[in-house]
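As structure tokens, the structure follows; a few thoughts come after it.
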Amino acid sequence: MSDATPIADRTEVPASGSYRFTAADAFGNETEVILVPCEEDPGVRAWVNNCTHEDQRFDTGRGAAIRDGEIICPRHGSMFDACSGECDNGQASGTALPGVDIAVEDDTVLLTDEHYEYLHDGGVNDGDDGPGSTSHISF
Ligand code: FES
């Protein structure tokens with residue numbers, strides 16, 4: 001097993017949203033992962049930040065929509081169980097989100113998945129530039 005890397009304090013995972021970070025997968029590709037609340041131990045789950053139906057992120061920077069323990073896809077509305085990652089409704093019915101192994105120690109969420117290497121918090125593009133170097137306005 002690889003070393004566990006601290007991701008965030010558990011209190012940074014919102015009760016009805018998500019905490020987004022970027023990791024490198026086994027092929028070196030930058031992958032967005034979300035931490036979401038789950039009522040089962042240890043209280044947090046980590047899923048790849050993408051719907052199984054189409055290329056649609058759950059958390060585009062403002063946190064994923066989570067209601068009644070389910071992550072809601074913003075594109076077609078399929079709902080995924082925040083604890084199991086499974087979906088039994090809508091366009092993504094019959095699929096499950098790829099999970100990422102984590103652990104919680106002393107209220108710190110740790111990345112323990114040997115297939116992923118922690119890169120930075122936020123989305124894939126958030127790590128490219130320094131603060132203030134990006135603009136929301138483009139021509
Ligand atoms: S893209 Fe998520 S349900 Fe269609």
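As the structure lists them, so they are numbered: ligands from 1, and atoms in each ligand from 1.
For the side-chain contact (heavy atoms from CB on, under 4.5 Å) test with Ile7, the passing option among Asp121, Val104, Ile102 is Ile102; the others fail.
Sorted by first then second residue, the ring pair (Phe, Tyr, Trp, His ring centres under 6.0 Å) pairs that include residues 74-97, not counting sequence neighbours, are His53-His76, Phe58-Phe80.
The side chain to side chain contact (heavy atoms under 4.5 Å, CB included) search around Glu105 returns Leu110, not counting sequence neighbours.
Protein N/O/S atoms nearer than 2.8 Å to atom 4 (Fe) of ligand 1 total 2.
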Candidate pair Val48 and Leu97, rule side-chain contact (heavy atoms from CB on, under 4.5 Å), full reasoning: CA-CA 7 Å; Val48 170; Leu97 299 174; over 6 Å; no
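For a disulfide, the SG atoms of both cysteines must be under 2.5 angstrom apart; this holds for Cys83 and Cys38.
Taking a 4.5 Å side-chain heavy-atom cut-off between Ile, Leu, Val, Met, Phe, Trp and Tyr, the cluster of Met79 extends to Ile72.
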